[in-house]
Amino acid sequence: MIAFDPETVRALANILVETGLTEIEVENKEGSIRVVRAPPTVMAPTVVASMPVIAAPVAVAHPATAAQAAAEPPSENVVNSPMVGIVYLSAEPGSAPFVTVGQSVVVGQTLLLIEAMKTFNQIKAPRAGTVTRILIAAGAPVEYGEPLLILE
Amino acid sequence: MIAFDPETVRALANILVETGLTEIEVENKEGSIRVVRAPPTVMAPTVVASMPVIAAPVAVAHPATAAQAAAEPPSENVVNSPMVGIVYLSAEPGSAPFVTVGQSVVVGQTLLLIEAMKTFNQIKAPRAGTVTRILIAAGAPVEYGEPLLILE
Amino acid sequence: MLFQKILIANRGEIALRIQRACRELGIPTVAVHSTADATAMHVRLADESVCIGPPAARDSYLNMAAILSAATITGADAVHPGYGFLSENASFAEMVEAHGLTFIGPSSAHIRMMGDKIAAKTAMASLGVPLVPGSPGAVADLDEARAVSARIQYPVLIKAAAGGGGRGMRVAGSEDKLEEAWSQARTEARAAFGNDAVYIEKYLDRPRHIEMQVLADSHGGVVHFGERDCSLQRRHQKVLEEAGSPALDAAARDALGETVTAALMKLGYRNAGTLEFLYQDGQFAFIEMNTRLQVEHPVTEMVCGVDLVREQIRIAAGQRLGYTQADVSFVGHAIECRINAEDPVTFVPDPGRVTAFHAPGGLGVRVDSALYAGYVVPPYYDSLIAKLIVHAPTRAEAIARMRRSLAEFAVLGIKTTLPLHQRIIEDPSFQAGDYTIHWLEHFMAAQAAE
Amino acid sequence: MLFQKILIANRGEIALRIQRACRELGIPTVAVHSTADATAMHVRLADESVCIGPPAARDSYLNMAAILSAATITGADAVHPGYGFLSENASFAEMVEAHGLTFIGPSSAHIRMMGDKIAAKTAMASLGVPLVPGSPGAVADLDEARAVSARIQYPVLIKAAAGGGGRGMRVAGSEDKLEEAWSQARTEARAAFGNDAVYIEKYLDRPRHIEMQVLADSHGGVVHFGERDCSLQRRHQKVLEEAGSPALDAAARDALGETVTAALMKLGYRNAGTLEFLYQDGQFAFIEMNTRLQVEHPVTEMVCGVDLVREQIRIAAGQRLGYTQADVSFVGHAIECRINAEDPVTFVPDPGRVTAFHAPGGLGVRVDSALYAGYVVPPYYDSLIAKLIVHAPTRAEAIARMRRSLAEFAVLGIKTTLPLHQRIIEDPSFQAGDYTIHWLEHFMAAQAAE
């Protein structure tokens with residue numbers, strides 16, 4: 001547990017805004033406080049800003065899921081779609097899914113199918129691990145690179 | 001509890017703005033203070049950059065002189081042109097100039113003439129002082145706000 | 001070379017517009033600017049620039065002495081006044097000519113004549129241009145009022161001869177309302193102006209604003225370039241303009257064009273000019289003449305394939321038009337949206353730094369704007385920051401093109417009226433071309449009520 | 001509705017171009033993109049987008065399965081291939097149709113026919129389109145060579161029937177040089193290919209590249225939109241294009257147009273197509289046919305007032321052209337400069353972040369570009385980043401307009417070929433319209449030598 005003094009932080013924040021600074025760091029024997037404000041004029045917002053705002057891109061297929069996955073820190077655990085297509089979680093309608101959450105899988109084990117061009121492509125486990133999350137629903141369309149599931 | 005001196009932070013911030021720096025860090029036995037301001041030049045290049053580069057503006061009348069004057073730090077000593085016109089340093093061709101470098105002048109003393117619309121306008125000393133530099137040549141055209149001479 | 005050097009006595013998009021025409025003609029330019037406009041696009045793109053004063057327009061862009069001095073010190077031999085500022089100032093035109101320079105516009109006499117709105121109407125009536133129907137002067141009594149009203153047809157407007165500000169003014173919708181309106185107007189006129197003389201005009205309750213673009217050379221050549229419909233106005237400020245008008249057909253355009261060109265030929269007018277009319281029930285009524293380039297001139301350029309500023313310069317240099325009315329053709333439809341730095345709902349101006357600027361492109365899209373990313377819109381001048389003009393074979397296609405162009409247009413950092421235009425073009429009445437000069441105020445009131 | 005949803009199987013400015021046409025038609029769009037293009041303009045402005053693969057084009061924009069899957073999962077019912085990538089891939093067109101979708105382009109049979117350059121020439125010759133004059137096949141002996149050469153006139157080119165790569169090829173400038181060239185070509189052909197059969201063609205030492213734009217509907221309607229002069233090339237890449245050609249008059253255009261439309265009518269061709277010719281001494285010689293939209297299509301749009309992409313979509317939906325050749329008129333002159341992300345002297349590509357982007361505006365200026373400030377030009381694809389197109393009443397005015405537009409165009413952060421275009425348009429030979437397909441290489445060599 002790190003103790004800190006909210007009033008000092010607030011005071012620093014006020015000075016930051018008042019002076020137009022973007023960062024203040026204060027350090028002494030007790031410890032240090034650093035307050036930062038994203039500069040209002042950096043290029044990054046300009047980049048975003050210069051895009052026409054009316055016609056925002058509409059991602060197909062689960063923007064929410066993709067956003068959740070994007071928030072997952074250990075991206076090396078994510079299995080991404082290698083192709084565009086439709087997801088099948090079981091070999092045929094009604095049958096048991098290839099994998100379920102909590103299940104351990106071995107390298108090369110089929111995780112799900114993606115149908116593209118009337119062909120069912122087996123998506124196999126790139127490594128052994130445990131399925132901790134399935135990020136797509138059966139029948140959902142997926143883009144290239146879209147997160148499918150998490151294998152830890 | 002981290003103690004800090006808001007005035008020191010403000011003072012650093014002022015120096016930062018005044019000097020155009022982007023970061024100052026001060027450290028002593030008591031601790032350290034670091035202030036950062038996102039470089040205003042983040043936008044500045046964009047501004048400059050977004051201008052068509054081929055047709056650069058060509059300032060009329062002494063760009064060099066104006067640039068020199070711009071480099072003079074004490075801008076309050078500069079007497080700027082209150083109008084567009086042609087500069088006359090003496091009352092008539094061949095006669096002595098109104099003022100010369102090194103000369104002391106009193107408030108209201110005529111420094112030079114600017115001809116605009118066939119009218120000769122007396123440019124008078126806004127305060128007493130010594131003429132340390134004359135920035136324009138006789139017969140030269142001047143813009144509004146262009147530095148004429150330095151009066152210290 | 002038409003001119004050695006042209007001084008552009010204006011700022012913003014129109015200064016840039018004129019600069020572009022000069023550059024295409026190979027004529028060097030001088031930009032004049034206030035201290036607030038030192039980094040403006042019209043300054044940066046000009047061959048030379050002269051700072052003529054502090055931000056306030058009266059000390060810079062309206063400062064005739066400073067502008068003429070700037071012309072003198074730079075060796076300019078012609079001055080283009082743009083629109084607004086000194087463009088319709090007869091004294092300025094005179095001063096320019098007195099300095100031996102060419103004023104790119106009409107004679108000062110014509111500027112002065114058209115600047116006096118009553119003299120302009122009298123002159124135009126004598127030249128055969130229709131005015132609002134009405135009594136030739138004051139109406140003596142109720143019998144004469146009845147006769148006049150029956151002739152010009154109801155509704156009629158009874159106006160105090162000495163009037164102004166809406167006082168001493170009454171509408172009579174039909175003959176049985178005439179007597180009451182007559183007495184009220186006279187009573188109010190007597191009380192307000194100490195004079196109960198009144199006259200009668202046809203009351204136009206749902207007119208369109210239609211104007212006719214004309215060019216005339218100094219050799220008697222006069223040609224019109226058709227009409228613009230500028231009915232979409234807010235507080236007498238035009239917001240969106242079209243060429244041609246959804247309310248006119250080719251025959252109506254030709255007829256008005258003939259009247260107008262004949263009048264200007266008789267008048268001996270020179271350079272660009274626009275006659276503005278109210279139009280209702282198939283009748284045109286002259287309001288005023290603008291003796292200058294207009295903000296909305298691009299829609300005419302798009303449908304006629306003419307460069308009006310280039311023509312102004314050529315005419316000022318004494319060249320002949322080189323074409324006749326038969327050579328002017330009208331192709332497709334054009335719409336202009338005026339983009340202002342204003343809140344799109346409250347219309348409060350919003351000057352400030354433009355953090356991003358990305359103009360729409362592609363087929364049939366034209367942007368006239370002096371904005372750029374990083375530019376700071378100064379608070380001292382007009383809030384017009386861009387004109388988005390589209391051209392397409394039909395009006396429906398032009399509206400579709402405007403829709404997609406508005407969606408592509410990114411101006412960030414300041415509020416703009418882009419969203420207002422997006423709402424206007426989706427309105428079924430607008431799409432049907434069914435609007436009058438009152439339409440936009442009603443539209444905005446309805447939007448506000450939602 | 002022409003289509004429910006169109007998938008645009010391309011990227012960059014042409015994807016945006018097609019997107020604009022779709023939006024104006026009210027048709028929703030699907031953008032496909034590689035991971036490198038996730039923030040590209042064509043993706044951001046589309047209604048939906050699907051990532052179809054990694055940066056390498058073979059895995060994304062050339063990945064037929066991924067593109068068709070994207071069409072399937074988004075419910076698109078038509079695919080526009082743009083230019084390049086899969087646009088002239090007959091198998092792709094077949095697959096699109098096999099999936100029950102409409103390919104916005106010609107039939108796969110015609111794509112395949114024109115993809116085989118020899119089959120294309122044979123077909124066109126049989127349809128009455130002129131080829132390079134020459135012997136119908138191998139020439140038996142020197143006497144026949146003399147007869148053929150006299151007929152087609154010197155200079156002639158003797159080419160190995162089995163040849164390629166410039167071997168077994170000799171030019172004879174006049175009859176007294178024929179025997180020597182004949183023996184040398186045969187000797188070289190025998191040595192190189194084990195076959196000394198040679199044929200003779202007219203040698204074109206200073207041809208122009210002139211191409212003819214055609215639209216054909218599925219009801220027998222075929223109309224041409226005049227020619228484009230694309231002679232300014234560097235390593236067979238077009239650099240600057242004009243409509244019309246400075247070398248053709250209306251009669252020559254009409255004659256070629258009649259030949260071409262008659263041929264495509266007989267062929268039963270459908271949708272947009274372009275026939276490319278070499279043109280010298282008043283003679284046209286067919287080179288190849290492009291069965292797709294071309295990069296330089298905007299110059300045609302400007303002079304004809306037609307939206308070629310809109311027409312492609314309408315034709316693909318089975319609509320009739322709705323106009324005939326007599327309805328097509330040619331107004332003014334248009335020039336396109338291709339702006340590449342390349343060093344303007346060495347032509348080394350220079351991808352990277354665009355720190356500022358400001359397009360020129362005003363009358364008669366069109367910019368087709370998917371760039372924006374902050375965009376990173378990826379290193380994986382073609383270096384074309386913008387097309388600047390101008391339109392004006394005359395060629396001289398178009399050049400003046402191009403000059404001022406190039407000066408206004410700011411693309412910072414990467415090197416572009418804008419300076420190259422600024423030099424080209426100042427060249428007196430270019431201004432006189434006096435150039436061939438070799439002109440640009442000579443021009444650049446001369447510039448380098450300075």
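Lettering of chains follows the sequences in order, A, B, ..., and the numbering in each one begins at 1. Quick note: numbers below take in every heavy atom, side chains included, and nothing from hydrogens, waters or symmetry partners.
- Partners of D:His333 by side chain to side chain donor-acceptor pair (under 3.5 Å), not counting sequence neighbours, listed by chain and number: D:Glu242.
- Taking CE of D:Met41 as the reference point, atom CD of C:Glu408 lies at 6.5 Å (rounded to 0.5 Å).
- Of the atoms belonging to C:Leu371, it is backbone heavy atoms, and not side-chain ones, that fall under 4.5 Å from chain D.
- The aromatic rings of D:His358 and C:Tyr372 sit perpendicular, their planes meeting at an angle over 60°, well past the 30° parallel limit.
- Within the 4.5 Å cutoff, no side-chain heavy atoms of C:Glu24 are placed close to those of D:Ile399.
- Between D:Glu397 and C:Arg310 there is a salt bridge, since at least one side-chain N of the basic residue sits less than 4.0 Å from a carboxylate O of the acidic one.
- Contacts with chain C were tallied for D:Gly361, D:Gly305, D:Ala396, D:Pro298; D:Gly361 has the most, counting heavy-atom pairs under 4.5 Å.
- Interface residue C:Met302: only side-chain heavy atoms are found under 4.5 Å from chain D.
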Q: Kindly indicate, with the supporting measurements, whether the criterion side-chain contact (heavy atoms from CB on, under 4.5 Å) is fulfilled by C:Leu363 and D:His297.
A: CA-CA 11 Å; C:Leu363 178 61; D:His297 76 277; over 6 Å; no
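- Among C:Ala400, C:Pro360, C:Gly362, C:Gly332, the residue making the largest number of heavy-atom pairs under 4.5 Å with chain D is C:Gly362.
- Proximity to chain D is limited to the backbone of C:Val306, based on heavy atoms less than 4.5 angstrom apart.
- Residues of residues 3-20 of chain D lying under 4.5 angstrom from chain C, judged on non-hydrogen atoms, are D:Arg17, D:Arg20 in numerical order.
- Taking CG of C:Leu45 as the start and CZ of D:Arg404 as the end, the distance is 9.5 Å to the nearest 0.5 Å.
- Within the 4.5 Å cutoff, the side chain of D:Arg366 has no heavy atoms near those of the C:Val365 side chain.
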